[in-house]
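Report on one structure; see the data block that follows.
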Amino acid sequence: MLATAEILKEKKLKVTPQRLAIFYHLCNTKAHPSAETIYLNMLELHPTMSLATVYKTLDALVKAKLIQQINVGEDVYRYDANTDTHPHIICIDCCVVKDLELSLIPSDTRDKVEEATGFQIISEQLFLYGLCPDCQAKSVVNN
């Protein structure tokens, strides 16, 4: 966690046990958890941490550009410590969110969109929706 503390200091964020725990958790998961999920995961080691603290910490980390907040169409935001541009794939049944390799998207997509629309693209997020293998298997069993 020493490296985590240094990263927070570099971004001029106060290093607190809560911030360390939340940022460390996000850096070590690919699950794209919601604030509520993070809160529940923190309870065992940090029983006095409130949901409000989780939200405030996530807001500070987003503003410092250490994590990204993503909206995948649910009523809650998900959080991702991978701040590089990358696409996501989301299961419409169980709501699992997974990173996709950028190499799966044609490298000239951005140029083609700019050319076709006249827009100058500043940033992009790509979400693909479908059924994950587990939910496909459940669907076959139930039919």
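- Looking only at side-chain heavy atoms (C-beta outward), Cys95 and Arg78 come within less than 4.5 Å of each other.
- A continuous path of ILVMFWY side-chain contacts below 4.5 Å connects Leu40 to Tyr77, so both sit in one hydrophobic cluster.
- For the pair Glu74/Ile90, no side-chain contact is recorded, criterion being any heavy-atom separation below 4.5 Å from C-beta on.
- By the 4.5 Å heavy-atom criterion applied to side chains, His32 and His88 are counted as neighbours.
- Note that the SG atom of Cys91 and the NZ atom of Lys98 stand 10.0 Å from one another [nearest 0.5 Å].
- Lys56 contributes atom NZ, which lies 7.0 Å from atom OG of Ser50 (distance to the nearest 0.5 angstrom).
- Under the 4.5 Å side-chain criterion, counting only non-hydrogen atoms from C-beta, Val97 is in contact with Ile70.
- Panel note: side chain Thr29, backbone Leu26; no donor-acceptor pair is recorded below 3.5 Å.
- For His25, the side chain to side chain donor-acceptor pair (under 3.5 Å) partners at least two apart in sequence or on another chain are Asn41.
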Side-chain donor-acceptor pairs of residues 123-134 under 3.5 Å, sequence neighbours excluded:
unit_1 : atom_1 : unit_2 : atom_2 : d
Glu124 : OE1    : Arg110 : NH1    : 2.7
Tyr129 : OH     : Val72  : O      : 2.8

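- Partners of Asp59 under the salt bridge (charged side-chain N to carboxylate O under 4.0 Å, His left out) rule, at least two apart in sequence or in another chain, are Lys63.
- Residues passing the ring pair (Phe, Tyr, Trp, His ring centres under 6.0 Å) test with His46, sequence neighbours excluded: none.
- Taking Ile, Leu, Val, Met, Phe, Trp and Tyr as members and joining any whose side-chain heavy atoms lie under 4.5 Å apart, directly or through other members, the hydrophobic cluster of Val113 also contains Ile121.
- Applying the side chain to side chain contact (heavy atoms under 4.5 Å, CB included) test to Leu13 and every residue at least two apart in sequence or in another chain returns Leu8, Lys11, Arg19, Ala60, Leu61, Ala64, Leu66.
- The two residues Pro87 and Ile105 make their nearest non-hydrogen contact at CG-CG1, 3.8 Å.
- Between atom CG of residue Asn82 and atom SG of residue Cys27 there is a gap of 10.0 Å, rounded to the nearest 0.5 Å.
- A continuous path of hydrophobic side-chain contacts links Ile38 to Leu43 [ILVMFWY only; heavy atoms under 4.5 Å].
- With rounding to the nearest 0.5 Å, the separation of CG in Leu58 from CD1 in Ile22 is 5.5 Å.
- With hydrogens and angles ignored, the 3.5 Å screen pairs no side-chain donor or acceptor of Gln68 with any backbone N or O of Tyr79.
- With Asp80 as reference, His86 is the one residue of His86, Lys30, Gln69 to meet the side chain to side chain donor-acceptor pair (under 3.5 Å) rule.
- A distance of 9.0 Å separates CD1 in Ile89 from CG in Leu104, rounded to the nearest 0.5 Å.
- Proximity of a side-chain donor or acceptor of Thr53 to a complementary backbone N or O of Met49 within less than 3.5 Å is not detected.
- Both Val15 and Ile7 belong to a single network of hydrophobic side chains, linked directly or stepwise wherever heavy atoms of I, L, V, M, F, W or Y lie under 4.5 Å apart.
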